[in-house]
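Please read the structure below before turning to the comments.
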Amino acid sequence: MSSAQPHNNHSPGSRHTSKALWRKPFVWIGGIMAAAIAAWLTEVFTGGLTMLFDADRYGDPVTVQVDVEAERSDQAVSLPPQVTVSREDAAKVYPAGAQQQADLLAARGGTVIGPRSMMVIITGRRPDSVRVTDIRDISDCSAAARGGTLVWLNRPFMPHVDPSIRVGLDIGAANQHVYLKDPTAAEKKPFFPDKTIVLQKDESHVLMIDLEPPAGMVCRPQLEMTVLDGDKTHKQKLVPEDQRQPVMDESPDEAQYQQVRLWGSVCENLVTAPPGWQDLPDPCTTQS
């Protein structure tokens, strides 16, 4: 009599099929995850391209063009103690003129003194309107060097520019904002928040900002503009770093200088200023 053998219902083929069935859920999950990642990457990539090619919706809401010398009066130049000026310098300036002489002295480390106004052209670049709600001072200032040379080049002069908005700004002091230019007003009245500047897309306004540094200080002007862009508040600097030219008070104290010289349109030849030269009919007769 033959003995009974255990019966195995799972053939090798059935075991392979069972394992394949167990793997399928993981394959499905992996496929779903891969599809989700691909969709996410597509959205990120598409969004990145949108940011690159739809610039109107990204970046600064306002385009800014700045002319830091729109109204520049080369009234004088303040030279530090280690810098001298002589008659030989006059021969290096061609064509002769106060601006060329000021540029020469500024290249040696001098600071041009005189009324200085900055022209700022702001243009909206969003599809919807944006609103400028503030412009404030964030300039860097330091005490002017004493004991150097003061070279007068010009009497005060301000060329005419016709801006759409003219304001003033006391730079170098804490919490200073632009104010309305009104010579008849008893006190300075802030421009913002009573007024705002609304810019539609491609609409521009020209602002002339008169910079007024404190006495005895040298300042590198920088302004910060606040723009309301929809429900977002955006801060934007106005002056490029390479255009932050030093400015000083337009009424320097001659007593702080070791020497006072006359040049430019004041005197054709470089001379030492005699005492009380402003009241003399011809201060250029003193030769030095």
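By convention here, the first residue in the shown sequence is residue 1.
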CE on Met248 to SG on Cys141, rounded to 0.5 Å: 11.0 Å
Glu224 side chain to Ile138 backbone, donor-acceptor under 3.5 Å: no
Student check: side-chain heavy atoms of Ile197 and Phe192 closer than 4.5 Å: yes
Closest approach of Asp137 to Gly172 (non-hydrogen atoms, all atoms of both residues): OD2-N, 2.9 Å
Test item: Thr196 side-chain N/O and Val132 main-chain N/O as donor-acceptor pair under 3.5 Å: no
Closest heavy-atom pair and its distance - Gln236, Val62: NE2-O, 2.6 Å
ILVMFWY network linking Val247 to Tyr257, side-chain heavy atoms under 4.5 angstrom: no
Nearest-0.5 Å distance, NE2 of residue His205 to CD1 of residue Ile165: 5.5 Å
Rounded distance [0.5 Å steps], CG in Asp134 versus CG in Leu223: 10.0 Å
From CA spacing to verdict: side-chain contact (heavy atoms from CB on, under 4.5 Å), Val77, Trp263: CA-CA 10 Å; Val77 177; Trp263 200 19; over 6 Å; no
Residue pair Ser251, Asp249: steps toward the side-chain hydrogen bond (donor to acceptor under 3.5 Å, both in side chains) verdict: CA-CA 6 Å; Ser251 302; Asp249 176 45; 4.6 Å; no
Sidechain-backbone polar pair: Ser204 side chain, Gly124 backbone, donor-acceptor under 3.5 Å: no
Heavy-atom side-chain proximity of Leu238 to Met118 below 4.5 angstrom: no
ILVMFWY network linking Val130 to Val206, side-chain heavy atoms under 4.5 angstrom: no
Minimum heavy-atom distance between Ala76 and Leu150, given as atom pair plus value: CB-CD1, 4.0 Å
Contact check, side chains of Pro214 and Cys219, non-hydrogen atoms, under 4.5 Å: yes
Option from Thr226, Asp60, Asp229 for which side-chain hydrogen bond (donor to acceptor under 3.5 Å, both in side chains) with His234 holds: Asp60
Close side-chain approach of Asp140 and Arg244, heavy atoms under 4.5 Å: yes
Enclosure of Arg220 CZ (heavy-atom neighbours >12, cutoff 6.0 Å): yes
Single-linkage hydrophobic cluster Phe191~Met225, side-chain heavy atoms < 4.5 angstrom: yes
Smallest separation among heavy atoms of Leu199 and Thr123, with atom names: CD1-C, 4.1 Å
Heavy-atom check, side chain of Leu262 versus side chain of Pro274, under 4.5 Å: yes
CD-CD1 distance between Gln65 and Ile121, expressed to the nearest 0.5 angstrom: 5.0 Å
Minimum-distance pair of heavy atoms, taken over all atoms of Val66 and Gln243: O-OE1, 3.5 Å
Side-chain heavy atoms of Arg261 within contact of Trp152, under 4.5 Å: no
Crowding at CD, Gln256 (>12 non-hydrogen neighbours, <6.0 Å): yes
Heavy-atom closest contact (Pro213 atom, Leu211 atom, distance): CD-O, 3.5 Å
Check: Gln101 side chain, Gly264 main-chain N or O, donor-acceptor pair, under 3.5 Å: yes
Pairwise side-chain contact, Ser129 with Glu203, heavy-atom cut-off 4.5 Å (strictly under): no
Donor-acceptor contact present, side-chain Arg116 to main-chain Pro246, <3.5 Å: no
Note, Leu207 side chain near Ile135 side chain (heavy atom, < 4.5 Å): yes
Cluster overlap Val151 with Val83, hydrophobic side-chain contacts below 4.5 Å: yes
Evaluation steps, side-chain contact (heavy atoms from CB on, under 4.5 Å), between His177 and Lys188: CA-CA 11 Å; His177 304 255; Lys188 298 174 181 177; over 6 Å; no
OG1 on Thr63 to CD1 on Ile122, rounded to 0.5 Å: 10.5 Å
Ser265 backbone acceptor or donor facing Asn154 side chain under 3.5 Å: no
Salt bridge flag under 4.0 Å for residues Lys181 and Asp210: yes
Euclidean distance, Ser139 OG relative to Gln176 CD, rounded to 0.5 Å: 10.5 Å
Atom CZ of Arg146: over 12 foreign heavy atoms under 6.0 Å: no
Donor on one side chain, acceptor on other, Trp277 and Glu254, under 3.5 Å: yes
Thr285 and Leu280: CA distance, side-chain angles, deciding distance, side-chain contact (heavy atoms from CB on, under 4.5 Å) verdict: CA-CA 10 Å; Thr285 55; Leu280 297 177; over 6 Å; no
Common cluster, Ile171/Leu180, ILVMFWY with side-chain heavy-atom separation under 4.5 Å: yes
